[in-house]
Amino acid sequence: MGQPGVPGALPGQPAPTQWMPAPQSIPGCPPGLEYLTQIDQLLVHQQVELFEVFTNWETSNRYQVKNSVGQQIYFAHEESDVCQRQCCGPQRGFTMHITDNMQQEVIRVSREFKCCAGCCWCANVDCCGFEVAVEAPVGQVVGYVRQAQSGWSPHYDILNANREPVLKIRGPCCVCQGACCTWDQNFNVMSTDLANEVGKVSKQWSGFVKEIYTNADNFGVSFPTDLDVKVKATLLGAVFLIDFMFFEQPKNNNNH
C-alpha cells in the first residue's frame, strides 16, 4: 500500500494509494477516530477478488475506506470461518478489522453467526435479527447496529454503547439486487423520532461488469461533520451489515 508523499506511479503502472494525512490526537477521541472529526462523508469500495471470480470460491471481503476527495482513511479486511463462507454465504458471522495508514487496528466490527436471522417481520427476537457490534479501540464497544422489526422495508437502529437509540436507518421498500439496478439505493439515516434526515448510506452503481460478475460493491455514507465520532464509526459498521444482508448473495448466484 502506498504512503503519504509517495510520488505518482510510472506510466502504465497503477497509481499508489494516497492516504489522508494523519491528524493530531484529540483528548477524549478514541485513537484512530481523529480522521472522522474532519469529514462528513465516507466512500467504501470493496476490492475485486479475481480468485473468487474465476473459481466461485468465496473469499474474505476487503474494502478501502476513503474521504470525499479519494484519500484513503482506513483499510478493512474480513476474518471469518472458511466453512461458513462457503456454506452459509452472507449469513456467516464475521469480524471486520479496520486499520489506519500505520496498519494499526482502530475499529473492529463483528457479527455473530445466526442460522435463521434476517427476516424483517421477526427481527425484534434476538435470534432472528442481525446485529453488529462496533469497537473503537478494540475491546471497547462504542455502538451497535441492530436490525429492527418492520413490515417490509429494512429498518435498523443505531445504538450507543449502553444500547440506547441514537439514530435510525430506513431503507427502500424494494432493494434492487443485480446488474440492472443502475441507480443509487439509499438507506436514509434519521433522527430517533424520524422527523429529520441526518445522513444516508447509499449502495452506488459499480458498473455493469463489476455488478454482474463480482461481489465488489461501492457504498457512500454521509453524516453531519459535528456528529460524535463514535456514532460515525458505528455508521461505518452499518455499511458492512447492509452489504452482507442485501448485496452479497445475488452475485454469488450469478457467478454460478
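By convention here, the first residue in the shown sequence is residue 1.
Two residues are said to be in side-chain contact when any heavy atoms from C-beta on lie closer than 4.5 Å; Ile169 and Ile158 meet this criterion. Residues Val201 and Asn186 fail the side-chain proximity criterion, which asks for heavy atoms closer than 4.5 Å. Side-chain contact between Pro154 and Val175 is present, with heavy atoms from C-beta onward closer than 4.5 Å. Residues Pro30 and Lys230 are in side-chain contact: their nearest non-hydrogen atoms beyond the backbone lie under 4.5 Å apart. The side-chain heavy atoms of Glu34 and Ser25, taken from C-beta on, include a pair separated by under 4.5 Å. The closest side-chain heavy-atom distance from Pro172 to Phe187 is below 4.5 Å. Using a 4.5 Å heavy-atom threshold, the side chains of Asp81 and Phe113 count as separate. At least one side-chain heavy atom of Ile98 sits under 4.5 Å from a side-chain heavy atom of Leu236.
The backbone N or O of Gln149 lies less than 3.5 Å from no partner atom in the side chain of Trp121, so there is not a single donor-acceptor pair. In terms of modelled atom types and a separation under 3.5 Å, the side chain of Gln72 and the main chain of Tyr74 share a donor-acceptor contact. Formation of a donor-acceptor pair under 3.5 Å by the Arg108 side chain with backbone atoms of Val141 is not found in this model.
Here the CG-CG distance, from Asn196 to Asn188, works out to 12.5 Å after rounding to the nearest 0.5 Å. One distance of note links OG1 of Thr17 with CG of Asn101; it measures 11.0 Å at 0.5 Å rounding. Note that the CE atom of Met245 and the CZ atom of Arg111 stand 7.5 Å from one another [nearest 0.5 Å]. Once rounded to the nearest 0.5 Å, the distance linking CD of Glu131 with CZ of Arg163 reads 4.0 Å. Taken to the nearest 0.5 Å, the CD atom of Gln46 stands 11.5 Å off from the CZ atom of Phe247. Taking CG from Asn67 and CD from Gln71, the interatomic distance works out to 4.5 Å, rounded to the nearest 0.5 Å.
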>> With side chain to side chain contact (heavy atoms under 4.5 Å, CB included) as the criterion, how do Val65 and Tyr35 come out once you've worked through the C-alpha distance, each side chain's angles and the decisive distance to 0.1 Å?
In response: CA-CA 11 Å; Val65 182; Tyr35 295 93; over 6 Å; no

>> The test is side chain to side chain contact (heavy atoms under 4.5 Å, CB included); show your working for Leu42 and Leu36 and say whether it passes.
In response: CA-CA 9 Å; Leu42 291 172; Leu36 302 181; 4.2 Å; yes

>> Walk me through whether Val145 and Thr234 qualify under side chain to side chain contact (heavy atoms under 4.5 Å, CB included).
In response: CA-CA 7 Å; Val145 185; Thr234 305; 3.7 Å; yes

> Checking side chain to side chain donor-acceptor pair (under 3.5 Å) for the pair Thr95/His97: CA distance, chi angles, key distance, verdict?
Replying inline: CA-CA 6 Å; Thr95 298; His97 302 280; 5.3 Å; no

>> Before you tell me yes or no, could you show the steps for Arg85 and Ser60 under side chain to side chain contact (heavy atoms under 4.5 Å, CB included), namely the whole-Å CA-CA distance, both residues' side-chain angles and the distance that decides it to 0.1 Å?
In response: CA-CA 8 Å; Arg85 285 203 305 272; Ser60 299; 3.2 Å; yes

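Summarising the geometry of Lys232 relative to Thr225, their closest heavy-atom pair is NZ-O, 2.7 Å, with the distance given to 0.1 Å. Summarising the geometry of Asn160 relative to Tyr144, their closest heavy-atom pair is O-CD1, 3.5 Å, with the distance given to 0.1 Å. Heavy atoms only, all atoms of each residue included: Cys122 and Cys128 are closest at O-CB, 3.2 Å. Scanning all heavy atoms of the two residues, the minimum distance from Gly93 to Ser80 falls at O-CB, 3.5 Å. Residue Gln91 comes nearest to Ala117 through the heavy atom pair NE2-O, 3.2 Å, listed as atom of the first residue, atom of the second, then distance. The two residues Thr192 and Lys168 make their nearest non-hydrogen contact at O-CE, 3.2 Å.
Taking the six-membered ring where the residue is Trp, Tyr156 and Phe246 present perpendicular rings, their angle passing 60° and hence far from 30°.
By the rule that hydrophobic residues join a cluster once side-chain heavy atoms approach within less than 4.5 Å of another member, Val44 and Leu227 end up as members of one cluster. Transitive grouping of hydrophobic side chains (ILVMFWY, heavy atoms separated by less than 4.5 Å) brings Ile39 and Ile107 into a common cluster. Put simply, Val134 and Val106 are part of the same group of oily side chains (I, L, V, M, F, W, Y) that touch within less than 4.5 Å, one to the next. Grouping the Ile, Leu, Val, Met, Phe, Trp and Tyr side chains by contacts below 4.5 angstrom, directly or via other members, places Phe130 with Phe94. By the criterion of side-chain heavy atoms lying less than 4.5 angstrom apart, applied directly or through intervening Ile, Leu, Val, Met, Phe, Trp or Tyr residues, Val198 is not grouped with Leu159; the two fall into different hydrophobic clusters.
Of the charged side-chain nitrogens involved, at least one lies within less than 4.0 Å of a carboxylate oxygen, so that Arg146 and Asp126 count as a salt-bridged pair.
Asp100 and Gln104 are not linked by any side-chain donor-acceptor pair at a separation below 3.5 angstrom, with hydrogens and angles left out of the test.
With respect to Leu33, the side-chain contact (heavy atoms from CB on, under 4.5 Å) criterion is satisfied by exactly one of Asp228, Val229, Ile26, Val142: Val229.
Aromatic ring centroids of Tyr63 and Phe240 lie under 6.0 Å apart.
Counting heavy atoms of neighbouring residues, nucleotides and ligands inside a 6.0 Å radius, atom CD of Gln38 exceeds 12 of them.
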